[in-house]
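Okay, structure first, notes after.
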Amino acid sequence: MNQQLAAHLGSIARLAREQMSLTQVQVAERVGLASAVYSRIERGLMIPSVETLKKLCIELMVSPEDLMGLTESPNSGSPTRPDDDVTLRRLIFLARKLDASKLDALVRITTELAR
């Protein structure tokens, strides 16, 4: 097992879960895992199967690239995941699912909030 990958995946999963105000038990139930197994993933003690990885991406609203540390910082050339980046990526992930009218509403709301 790749320890660095397991640790990165676990820390991103935990961060995403906490930002969504979910418990480990809730995420485990949503992806069809025992809570002890999900806890091992977050602690970096195991890497999930591809199918479970897909379910985690959907439930935690994180791209597979981000979850596996494949996203590169434009300046450093190395995979990073600062908190601001997590929030922005989650917003983009959700925005891509919106139809045109809802996306337009989101743009108007964020424009007002940014003033």
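Heavy atoms only: backbone and side chains are in, while hydrogens, waters and symmetry mates are out.
In this structure, Leu70 is a member of the same hydrophobic cluster as Leu53, with clusters built from ILVMFWY side-chain heavy atoms closer than 4.5 Å.
When atom types are taken as modelled, the side chain of Arg40 and the backbone of Met46 share no donor-acceptor pair closer than 3.5 angstrom. Within the 3.5 Å criterion, the main-chain N or O of Leu22 finds a donor-acceptor partner in the side chain of Arg17. For the pair Thr52 (side chain) and Pro48 (backbone), a donor-acceptor distance under 3.5 Å is absent. With hydrogens and angles ignored, the 3.5 Å screen pairs no side-chain donor or acceptor of Ser39 with any backbone N or O of Ser35. For the pair Gln19 (side chain) and Ala16 (backbone), a donor-acceptor distance under 3.5 Å is absent.
Residue Glu18 qualifies as enclosed at atom CD: its count of foreign heavy atoms under 6.0 Å is above 12.
Heavy-atom minimum distance, Ile47 versus Asn2: CD1-O, 3.9 Å. Taking both residues in full, the closest heavy atoms of Val31 and Lys55 are given as O-CD, 3.4 Å, listed atom of the first, atom of the second, then distance.
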Verdict with supporting geometry, Leu67 and His8, side-chain contact (heavy atoms from CB on, under 4.5 Å): CA-CA 7 Å; Leu67 199 56; His8 178 82; over 6 Å; no

For the pair Ile12 and Leu60, evaluate side-chain contact (heavy atoms from CB on, under 4.5 Å) and give the outcome as yes or no after the intermediate values. CA-CA 10 Å; Ile12 297 304; Leu60 298 174; over 6 Å; no

Could you go through the side-chain contact (heavy atoms from CB on, under 4.5 Å) check for Val62 and Leu15 one step at a time? CA-CA 10 Å; Val62 177; Leu15 179 61; over 6 Å; no

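Judged purely by distance below 3.5 Å, without hydrogens or angles, the side chains of Asp104 and Ser101 never pair a donor atom with an acceptor atom.
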